[in-house]
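Heads up: the structure comes next, in structure tokens.
First the proteins, then the strands, lettered A, B, ... as listed; each starts at 1.
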2 protein chains.
Amino acid sequence: MTDRSLTERERTILSLVVQSYIHDCSPVGSRTLVRRFVLDLSPATIRNTMNDLEEAGLLVQPHTSAGRIPTSLGYRMYVDELMAPRPLSRKERAAIRDAVVGDQGGLVRDAASVLDQTVRALGDLSRLLAVSLEPRLDLGTFEKIELVSLGAGKILVVLTIEKGFLRTIVLELEVAVPAESLHETATLLNERLSGLPMKIIRESVHERMRDVSIGDPKILKLIVNNSEDIFSTSNEDEGIHYWGTPNILAQPEFADRERMVSLMGALEKKEIILRVLGGQSQQDGVTITIGEEHPDGEIEFCSIVASPYRVGEVSGSLGVLGPTRMEYSKLVSIVDYTARIVSEALGESADDEEDQPEDDA
Amino acid sequence: MTDRSLTERERTILSLVVQSYIHDCSPVGSRTLVRRFVLDLSPATIRNTMNDLEEAGLLVQPHTSAGRIPTSLGYRMYVDELMAPRPLSRKERAAIRDAVVGDQGGLVRDAASVLDQTVRALGDLSRLLAVSLEPRLDLGTFEKIELVSLGAGKILVVLTIEKGFLRTIVLELEVAVPAESLHETATLLNERLSGLPMKIIRESVHERMRDVSIGDPKILKLIVNNSEDIFSTSNEDEGIHYWGTPNILAQPEFADRERMVSLMGALEKKEIILRVLGGQSQQDGVTITIGEEHPDGEIEFCSIVASPYRVGEVSGSLGVLGPTRMEYSKLVSIVDYTARIVSEALGESADDEEDQPEDDA
DNA sequence: CTTAGCACTCAGCATATGAGAGTGCTAACG
DNA sequence: CGTTAGCACTCTCATATGCTGAGTGCTAAG
């Protein structure tokens, strides 16, 4: 538990133990270690070092006289200081890019569709559970509202948001409203709200729409009253995309039914994912959260590698979830690259004029 | 395997075996049976009968000298001839109704949202996996198309279909199109296509839109060329809603990892669900498919209780999936009732004028 | 037709046993 | 002093063994 920095040997051993365990999922002993990686040291020496690492809280033994396995802290150390991100092969990149970009031909794929494809690729490639959140439009700037009459008192509200994001909601009124009036109301809303971030609108429509003389007061009231829902992110708590449940369930760490069921429950309820991914979308770049670092007990055996993607002010996030024993070095690269491509893809599909140059990091 | 009809005693015994097995998930023996249900027969007699049932292919022994369990055929017999559908309690009905109907207040919940709520209730109530398919708009009659310019060459296509179903797609053109022209094009499309079923439109837009003089030819071409996607059901292969994976994974029949993983894979790929539920939506009323009756090996340990829901010509389906050992008598009622309520809810939210009377079956 | 009795089968459980992997410790070594 | 060989010890895992209980099929008697 003392956090004196590690010696070079300790760093090496820790790194090897982690790698070996990630590979085999079986506790690694001193003898095995020297044999697998041809070390110029005797098992006894390794044992001593391992003992030190155990005292530092980086390794544990599942039971007396078994090999060691990394603790969350051990993985943390490995991730932060020891591992070298493994660059992606040309083929892997292509796989991601093809899946994300897809081909349309006249039809514009919306964010949901892009993300759906993305998680599939991400899940298959990582052999873990891939997750993504649809863009949070909160910080996006509102561009335009359009009101389309659908007959029978129903009105389609079409919101255009920065970078071509779109949101449609159907409202219902008891009485039909003439097209003229609809148009006027829309114009009014546009005049007063255009250019503001969605979030600000939510907070201040009431004031901004207080004294109005034109437009239909009924519709206006309806919109103002439902502003929380209308000027929000996507529908309900939806907007989560998954892929790869079988991958993760097949992992040996979920042989325990108990764990498995509770994990699936957590996934289905979506709260946890929303909290973890949603929270992270503030920060930039790839974030790794390991095992017990999670506040939620249900996923204390899991790690998450996630990254936000951004299109203008709008952002969402994506990542993979798996057992703590995962190939961090590879996953960091995969997730990072995928997030970039998604940003790019959504940006492009949004407005073609500004061609963002592809940066190959 | 001879299908001479069963004697009264055989029917009773089969029924009791099925019920007992459904309850316990442990093979039921002759002695247990007489004890549990106070039968006026000796175990030996039961044994003889059971033997007959085994020869008829309705029961099997997992191994010599274990009790019997029902085969798919046994369940089939039970479901078709022996069981009495268990009526729902007032409370259960209320639970379903509340979840499905929900409350809106100005905002119209679309089919996706209604079904999402529905499967949650259905999954929780059945303690199994609930599944639903969004409505297939194929047979729905097309009412109106509306083209809304989004700027930057993008056009929002709004399709109104019978009973208030809605479908929106974004198209993209290289050049901006004047509003005037958009309106003309929409009018043209409405004149020629309104009142036709979506399916017919898909098959015949090319002919119907051959000789036109007004409207923008570019947009028209785009729409005609993409008619397969535009005048179709919902987006991609989406439109499946789930709930209750933990329920089903906790079932003892999925203790086997192998099975469990393959089941989850099948669910995720959606094909099987689409085939089973989609296929069934033709027929009316509740359909039960049991174990090996399914063409797909992945779900040969599962049964599905499903029912279509209908709103005018438009229909979709919903149901529950679980191990063959499920409470058919209860589930039939649940699924049936849920389907009715969903039909009702979607119908109402579609057009309020025609109040369908609630029928309490 | 029904039932008592009996020999037989087999999963499940507990117990014992041995092998293998791994450890910590101590003492010797360069 | 860091490193290493040796050793006693521990603990899991796999295998073998025996026992029990639930259940069966068959036969003969009621």
Side-chain angles (χ1 to χ4, degrees), chain A residues 4 6-14 16-21 23-71 74 252-253 255-257, chain B residues 4 6-14 16-18 20-21 23-71 74 252-253 255-256:
Chain A
R4 58 161 175 72
L6 303 179
T7 68
E8 197 51 38
R9 172 175 297 163
E10 285 169 335
R11 295 165 58 89
T12 313
I13 300 297
L14 176 56
L16 293 181
V17 169
V18 171
Q19 285 174 48
S20 177
Y21 185 66
H23 192 264
D24 286 357
C25 190
S26 67
V28 14
S30 52
R31 165 165 268 114
T32 325
L33 206 62
V34 291
R35 235 180 326 188
R36 176 180 298 238
F37 313 90
V38 279
L39 297 182
D40 227 11
L41 290 169
S42 82
T45 313
I46 307 293
R47 279 207 282 284
N48 290 333
T49 312
M50 279 177 153
N51 212 329
D52 297 345
L53 290 171
E54 181 158 9
E55 259 167 30
L58 303 172
L59 296 179
V60 273
Q61 299 179 262
H63 50 265
T64 331
S65 97
R68 309 302 212 285
I69 64 175
T71 62
E253 14 271 294
D256 184 38
R257 311 294 297 304
Chain B
R4 56 157 178 77
L6 302 180
T7 68
E8 197 50 38
R9 170 175 299 162
E10 284 169 335
R11 295 164 59 91
T12 313
I13 300 296
L14 175 56
L16 293 181
V17 169
V18 171
S20 176
Y21 185 64
H23 193 266
D24 287 358
C25 190
S26 69
V28 14
S30 53
R31 163 163 270 114
T32 325
L33 206 61
V34 291
R35 234 178 328 187
R36 177 181 297 241
F37 314 89
V38 280
L39 297 182
D40 226 13
L41 290 169
S42 81
T45 314
I46 309 292
R47 279 207 283 285
N48 290 332
T49 313
M50 279 178 152
N51 211 329
D52 297 345
L53 290 170
E54 180 158 9
E55 258 169 29
L58 302 173
L59 295 178
V60 273
Q61 299 179 263
H63 51 264
T64 331
S65 95
R68 308 298 214 287
I69 64 175
T71 62
E253 13 271 294
D256 184 37

Length of the line joining [X]:[atom1] and [N]:[atom2], which is rounded to integer Å:
| X | N | atom1 | atom2 | value |
| --- | --- | --- | --- | --- |
| B:R68 | C:dA11 | CZ | P | 15 Å |
| B:R47 | C:dC6 | CZ | P | 14 Å |
| B:R35 | D:dA22 | CZ | C1' | 10 Å |
| A:L59 | C:dG24 | CG | P | 11 Å |
| B:R31 | C:dC6 | CZ | C1' | 13 Å |
| A:D40 | C:dG30 | CG | P | 17 Å |
| B:E8 | C:dC1 | CD | P | 17 Å |
| B:M50 | D:dA22 | CE | P | 16 Å |

Counting side-chain heavy atoms from CB outward, which of [options] is closest to [X]?
| X | options | value |
| --- | --- | --- |
| B:S30 | D:dT24, D:dG25, C:dT23 | D:dT24 |
| B:T32 | D:dG23, D:dT3, C:dG24 | D:dG23 |
| A:L41 | D:dT4, C:dT23, D:dA22 | D:dT4 |
| B:R9 | C:dT2, C:dT3, C:dC10 | C:dT2 |
| B:T64 | C:dC10, D:dA5, C:dT2 | C:dC10 |
| B:H63 | D:dG25, D:dT4, C:dC10 | C:dC10 |

Rounded distance [0.5 Å steps], [atom1] in [X] versus [atom2] in [Y]:
| X | Y | atom1 | atom2 | answer |
| --- | --- | --- | --- | --- |
| B:D52 | B:L6 | CG | CG | 9.5 Å |
| B:E54 | B:T71 | CD | OG1 | 9.5 Å |
| A:L53 | A:T7 | CG | OG1 | 8.0 Å |

| field | Test item: B:V28 and B:R36 side chains (from C-beta on) under 4.5 Å apart, heavy atoms | value |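 Side chain of B:V28 against side chain of B:R36, heavy atoms only: no contact under 4.5 Å found.
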| task | Answer with yes or no whether B:S65 presents, from its side chain, a donor or acceptor under 3.5 Å of a partner atom in the base of D:dT24. | result |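 Result: no qualifying N/O pair found.
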| said: On the nucleotide D:dT3, are OP1 or OP2 found under 4.0 Å from the side-chain N or O atoms that A:S42 carries? | reply: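 No, A:S42 has no side-chain N/O under 4.0 Å of OP1/OP2 on D:dT3.
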| message | For B:R11, I'd like to know if atom CZ has over 12 heavy atoms of other residues, nucleotides or ligands within 6.0 Å. | response |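 Correct, the count exceeds 12.
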| task | Please work out if A:N51 contacts a base, only the sugar-phosphate, or nothing of the nucleic acid, heavy-atom cut-off 4.0 Å. | result |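 Sugar-phosphate only.
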| remark: By nearest-heavy-atom nucleotide on DNA chain C, the more 5' of B:N48 and A:G67 is B:N48
